[in-house]
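What follows is one structure encoded as structure tokens, with my remarks underneath.
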Amino acid sequence: MAAAAASLALAALPALPAPASATTPATSPVSTPVSTSTSPADLDVLFVGAHPDDEAFTLSTLGQWNEDHRIRTGVVTVTRGEGGGNAVGPEEGPALGLIREAEERTAVGKAGVRDVFNLDDVDFYYTVSAPLTDQIWGGDTLEKVVRIVRQTRPEVLLTMDPAPSPGNHGNHQQAARLAVQAFYAAADPAAYPEQITREGLRPFAPSRLLQGGARGTSRTGPDCAATFRPANPAQNVYGVWSGRPSARQGGRTWAAIEREAQRAYASQGWAVFGDVPTDPAQLGCDFFTQVDARVPFPEPGSAAAAAPTAVLDGALVRADGAVPLGTQLTVRPGTFDVRPGTAFSVKVTATAPPREPLGRSSAALRVPDGWQVTGSGDLGRLAPGRTGTATFTVTPPQGAAPGERARLAATLTTERGSGYTDRQVEVSPAVRGTQQLLPQVGQYEKWSAEVGVPQLRGLVTPVLTLPSGGSRQVGVVVTNVSATTQSGTVRLDLPKGFTADRAEAPYSGLAAGASATVTFTVTNTDTSLKTSNEGGDYAYTITTTSGDGSSVSKPALELVPTAVIPKAAAAPAVDGAEGDGEYAGPALDISRLWEGTACASAADCSGTAKVTWHDDTLYLLVQVKDDVLGTRLAASDCKRHWRTDAVEVTIDPRGTSENTSTTFKTAVLPVTAEGPPCALRDADNHQGAATGVRIASKVSSGAYAVELAIPMEQLPGAVDPAHLGLNILVYDSDTQDKTGQTRIGWSTWGGVQGDPYRWGVATLPGYQPPAGRPTTPPDPVIPATGLSSLDSPQSLEQAVRLGLPLAGGPAAKASESGGVTSATGGQAAVKVTLRAAGPGEAHLFVRDGQGTAGSRVVKVGGKGVTTVSVPVTRALGADPAVVAGWLAPGGGTTASRAAVR
């Protein structure tokens, strides 16, 4: 995690499994895989995440695999989390990156993981936007992930949730999408061909791809994997119980070991995490949802599917009776969208391992009840490396339910064992109608189609926000998935309290493969309906008819609160108190919980806010009840406000922003270590000082008040007085350890600080922005400084050990390489000899068991031998060495090491 998502200590965590009894769930017999590669960089499993700690809730599983089956896992971390908070000191930027990298290496080491590949992309701030993340990270990140996959050749890829589910960090989404794309691109010789032709890498096809987590329900305890019921019955979900004891670590449960590892992330406030339960019945599973596979895997519902090795089966582990490792097996339907009564083709392909025959082989295809399947499954005799394909014809019944996901399951029978695989398809009528998608969701759906993973589409319920008592246009996108032109109708069935300008509307002449939008105006007529996460989600039904039936979708309208901001007769005095007549409007309730632990009482945490405007300035007075003040941070540390008590004001000038890079967000700490309040802009259009904003606060026993004057010229664009996006959020901390426990506010949803479309809507009667003020926001100013692996001695030491270049980049060409050849110690400095094939830059670190004793960056002018001194700040301990990173003019890197004599 990074930024705000990482700071909520226990309240932000999913329910955790607990320590174990002496018993473990029964599993099917398996043989233990033995790594045969002699390459120091060869991996079995690779996890791809965005920040240090993203892997933290899989460590129970990774540790079990390592201890029980010698599985070697590596972790790709795209950023070092420099945009997150710091509960252990004032460091930020690259200095914080060093801390977070060290925390990650300590944490994953408790699960037997040694290899962490940092890609050096910048962690800028908490956002829920994958498109913004992609923009900031740049276009070379996928290339770096593909290079690491080709270098380390993992059979299993693990990653995060790629969907823009509410509150899902945009960095997490993007990291997962990179992993999905790399699963296919690393195997394709046409993808980044210079890695093959110039760098000597080979295409590599990982066997299985899974994302962490699952949508569904399960019991806790040893049978958590066997009792999981996915929300989508066609999905393959595997669980690994965290209650199994570790023989290597004194019989402690893996849940307890994982919790100890999580506490290593002290900079994120995780050091305060409590112990996991001791009752085995309260311990659950780490769950993994399969995205794709090139090899056989355990059949859902089987004993093997509930075993701790289920994710490894077919790729790294061979279960009893299974085909040999190295066997490939896939089932591919001719289309994902299948139509009732319309036949489609399905191909089942099996390939024998390169050095092992399968003998006489056949495939069988299982389809849902009522579906028809024809075709021969004979694959012939499969010699080593030989491929056989069987083609089937499948016909869904006329009455197949539209929108239903179905599983097509193929079983392979050979002389050397059997195998299983499956694939999802979705039943669709001729025309499908869906509520218009939010921009992020629409971009995700387009991505899933372009990458060829339709099984990942439709994971996010379509939602649109509507102001309480207001109206908006709602578009229904109709798509013709048939081969003929279609006409029909679209009907809305709205819940009580909502009306539309028409209940039904036609569409006509929709060509095959085409889409069109049918628009309705929807109004909330009952202003007493609940808003926000107190019950503001209102599901409704869209029914779309076509020539061969109808489709039904169930999106939702989300009500957000509204406010009228009156004009003040005179500008309020910004003094932290309400003077007579200063704020004429009603007080807004900002006591709704949106993340963390619920307030114990109104005295624990609650609040109100008043807003007005005068001339070209917004004024806000926020009154908060808080019986315990959190850490008093220094004014110089007025950042990452979620670490202590703070008030955050968010403004979307025109109420149309896709992410916060086009909004204004400022946070105020009501008190600092020096006394006066401080304010800073964060996660918005212009990071840093809250220029022009005036603040004042008053702190009293059990309460504080914050008052702000925000010049509207500081907002990123002219205000639309009929539709201003506004939110007021309160962060509450009752500790002195720089961690928050509770978040309350006005328009409240999980992750709402990053979701402008879910902020409340305000109107400013009588206000007009000055003529000529632009409505288009300027380009955002976003921190773009991350730690370079050249400046991370731990990354350099790993690069030396593995013989790989840094940060997923290419190695320096031989004609541009350089490195350290010897080092001689002294009392005040270490003399280092460098040998270079050309000009470059050497980053030198003197290291021993205590860490870094000295460092220096040296520019080398050309080919030859150079001797330099690296000052040291203390006496060297045992086994000192110089580790060096080399940056060539062409951008390639190398790493080297020499013991200090």
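Source: prediction; values computed, not measured.
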Could you pull out the closest heavy-atom pair between [X] and [Y], with the gap in Å?
{"X": "G819", "Y": "S896", "answer": "CA-OG, 3.4 Å"}
{"X": "A799", "Y": "L806", "answer": "CB-CD2, 3.6 Å"}
{"X": "G213", "Y": "T289", "answer": "O-OG1, 2.8 Å"}
{"X": "A823", "Y": "V882", "answer": "CB-CG2, 3.7 Å"}
{"X": "F845", "Y": "L790", "answer": "CE1-O, 3.4 Å"}
{"X": "A829", "Y": "V872", "answer": "N-CG2, 3.9 Å"}

Using a distance-only test with no angle check, is there a side-chain donor-acceptor pair under 3.5 angstrom linking [X] and [Y]?
{"X": "Q181", "Y": "W447", "result": "yes"}
{"X": "R835", "Y": "T821", "result": "no"}
{"X": "S789", "Y": "D120", "result": "yes"}
{"X": "T133", "Y": "N171", "result": "yes"}
{"X": "Y125", "Y": "D684", "result": "no"}
{"X": "H172", "Y": "Q174", "result": "no"}

TODO: Determine the interplanar angle of the H169 and H51 rings, folded into 0 to 90°, and report it as parallel if under 30°, tilted if 30 to 60°, perpendicular if over 60°.
DONE: tilted
Other residues, nucleotides and ligands only: do more than 12 of their heavy atoms fall within 6.0 Å of [atom1] on [X]?
{"X": "R114", "atom1": "CZ", "value": "no"}
{"X": "R202", "atom1": "CZ", "value": "no"}
{"X": "R198", "atom1": "CZ", "value": "no"}
{"X": "E194", "atom1": "CD", "value": "yes"}

Enter the distance from [X]:[atom1] to [Y]:[atom2] here, rounded to the nearest 0.5 Å.
{"X": "Q151", "Y": "D42", "atom1": "CD", "atom2": "CG", "answer": "12.0 Å"}
{"X": "W65", "Y": "T58", "atom1": "CH2", "atom2": "OG1", "answer": "8.0 Å"}
{"X": "S60", "Y": "K110", "atom1": "OG", "atom2": "NZ", "answer": "15.0 Å"}
{"X": "L119", "Y": "W137", "atom1": "CG", "atom2": "CH2", "answer": "8.5 Å"}
{"X": "N66", "Y": "L59", "atom1": "CG", "atom2": "CG", "answer": "11.5 Å"}
{"X": "R901", "Y": "S822", "atom1": "CZ", "atom2": "OG", "answer": "5.0 Å"}

Any salt bridge between [X] and [Y], counting N to O under 4.0 Å?
{"X": "D140", "Y": "R147", "result": "no"}
{"X": "D123", "Y": "R80", "result": "no"}
{"X": "E104", "Y": "R100", "result": "no"}
{"X": "D115", "Y": "R72", "result": "yes"}
{"X": "R70", "Y": "D44", "result": "no"}
{"X": "R150", "Y": "E199", "result": "no"}
{"X": "E101", "Y": "R105", "result": "yes"}
{"X": "R208", "Y": "E155", "result": "no"}

Measure from the side-chain N and O atoms of [X] to the backbone N and O of [Y], and report whether any donor-acceptor pair falls under 3.5 Å.
{"X": "R643", "Y": "R640", "value": "yes"}
{"X": "T873", "Y": "A853", "value": "yes"}
{"X": "W886", "Y": "E816", "value": "yes"}
{"X": "Q262", "Y": "A56", "value": "yes"}
{"X": "N168", "Y": "D161", "value": "yes"}
{"X": "T660", "Y": "A683", "value": "yes"}
{"X": "D134", "Y": "A130", "value": "no"}
{"X": "Q455", "Y": "V291", "value": "yes"}
{"X": "N685", "Y": "T662", "value": "no"}
{"X": "T77", "Y": "T79", "value": "no"}

TODO: Go through L876 and V846 one step at a time and tell me if the side chain to side chain contact (heavy atoms under 4.5 Å, CB included) criterion holds.
DONE: CA-CA 9 Å; L876 298 181; V846 179; 3.7 Å; yes
Is there a side-chain contact between [X] and [Y], using heavy atoms and a 4.5 Å cut-off?
{"X": "P805", "Y": "P810", "answer": "no"}
{"X": "P94", "Y": "T785", "answer": "yes"}
{"X": "M160", "Y": "F47", "answer": "yes"}
{"X": "D848", "Y": "R874", "answer": "yes"}
{"X": "L98", "Y": "Q794", "answer": "no"}
{"X": "Y126", "Y": "D682", "answer": "no"}
{"X": "T159", "Y": "L157", "answer": "no"}
{"X": "P52", "Y": "E103", "answer": "no"}

Task: Ring-face cation of R294 near F183 (centre distance under 6.0 Å, axis angle within 45°) - done: yes
- [ ] Report the C-alpha separation of K738 and L633 in whole Å, then their side-chain angles, then the decisive distance to 0.1 Å, and conclude whether the side chain to side chain contact (heavy atoms under 4.5 Å, CB included) test is met.
- [x] CA-CA 9 Å; K738 298 184 183 179; L633 302 175; 3.7 Å; yes
Open item on the list: Using the rule given for side chain to side chain contact (heavy atoms under 4.5 Å, CB included), can you reason through V122 versus I136, listing the C-alpha separation, both sets of side-chain angles and the distance that settles it, and then say yes or no?
Closed with: CA-CA 8 Å; V122 68; I136 300 302; 3.6 Å; yes
TODO: Start with the C-alpha distance between E797 and R897, add both sets of side-chain angles, then the distance that settles salt bridge (Lys or Arg N to Asp or Glu O under 4.0 Å), and finish with yes or no.
DONE: CA-CA 8 Å; E797 287 167 343; R897 180 185 182 277; over 6 Å; no
Open item on the list: Please evaluate residues V108 and V116 with respect to the criterion side chain to side chain contact (heavy atoms under 4.5 Å, CB included), reporting the C-alpha separation (whole Å), side-chain torsions for both, the decisive distance (0.1 Å), and the verdict.
Closed with: CA-CA 9 Å; V108 301; V116 178; 3.9 Å; yes
